[in-house]
Amino acid sequence: VAPAPKPPSEPDMDNLPSNPIPKHQQQFASKVIKIIKRMKDASPFTQPVDIEKLKIPYYYNYITRPMDLSTIERKLNVSAYEDVQHYIDDFNLMVENCVKFNGTDAGISQMARNIQASFEKHILAMPPRELPQQEKAQ
Ligand SMILES: CN1C(=O)c2ccccc2Sc2cc(NC(=O)[C@@H]3CCCO3)ccc21
């Protein structure tokens with residue numbers, strides 16, 4: 001079987017949502033990613049998995065949607081998220097990809113679960129989509 005080609009990087013700039021998450025949620029979401037990136041366990045997750053450096057030509061045969069913290073940040077910066085849940089799903093996808101390829105008992109998988117636990121704690125403070133004092137026809 002031939003090594004699968006690298007999937008297209010996200011987001012698809014030709015298919016951005018018309019109602020992305022509002023600015024205050026996007027700013028909070030970006031802050032959380034910045035905090036996570038400071039964790040020692042985050043360093044393997046800050047950039048896409050590099051199949052040349054890691055010598056894993058068949059990575060994309062198993063992992064069809066690679067995800068990493070820089071991709072999540074880019075998607076936030078170009079308003080590619082329609083809902084906070086899609087942002088959370090991308091973070092969880094990053095963790096699941098790691099566990100799937102490396103196995104639940106691998107050291108890297110424990111690192112992934114560590115940053116996921118911290119992420120889940122920070123996300124508890126995500127502001128609601130609608131701000132109470134927001135001016136609009138109620
Ligand atoms: C999440 N993840 C992995 O899921 C992964 C995938 C295949 C083989 C090993 C790993 S551990 C891992 C290591 C790095 N990076 C490194 O180890 C650095 C960069 C290449 C060599 O040192 C980046 C991602 C990663």
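Every number for a ligand or one of its atoms is a count from 1 in the order of the listing.
Protein heavy atoms are absent from the space less than 4.0 angstrom from atom 18 (C) of ligand 1. For atom 22 (O) of ligand 1, no protein heavy-atom neighbour is found at a distance under 4.0 Å.
Ranking protein heavy atoms by distance to atom 16 (C) of ligand 1, first place goes to Leu54 CD2, 4.0 Å. Atom 24 (C) of ligand 1 has its closest protein heavy atom at Pro44 O, 3.2 Å. Here the heavy atom of the protein found nearest to atom 10 (C) of ligand 1 is Asn102 OD1, 3.7 Å.
Using a 4.0 Å cutoff on heavy atoms, Ile108 counts as a contact of ligand 1.
For ligand 1, the atoms lying closer than 4.0 Å to a non-hydrogen atom of Phe101 are 6 (C), 7 (C). Residue-ligand proximity, Phe45 to ligand 1, at heavy-atom distances under 4.0 Å covers atoms 1 (C). Which parts of ligand 1 touch Ile56 is read off a 4.0 Å heavy-atom cut-off, strictly below it: atoms 6 (C), 7 (C). In the vicinity of Lys53, heavy-atom distances shorter than 4.0 Å reach the ligand 1 atoms 20 (C).
Annotation: Tyr87 is not in aromatic contact with Phe28 [ring centroid separation under 6.0 Å not met].
Put simply, the residue from Pro48, Ser9, Pro7 that forms a side-chain contact (heavy atoms from CB on, under 4.5 Å) with Pro66 is Pro7.
The closest side-chain donor-acceptor pair between Asn114 and Gln110 falls under 3.5 angstrom.
Two residues are said to be in side-chain contact when any heavy atoms from C-beta on lie closer than 4.5 Å; Val49 and Asn97 fail this criterion. Looking only at side-chain heavy atoms (C-beta outward), Lys6 and Ile51 stay at 4.5 Å or farther from each other.
Checking side-chain atoms of Arg113 against main-chain N and O of Val99 turns up no donor-acceptor pair under 3.5 Å. With Ser30 contributing its side chain and Gln26 its backbone, the two residues share a donor-acceptor pair below 3.5 Å.
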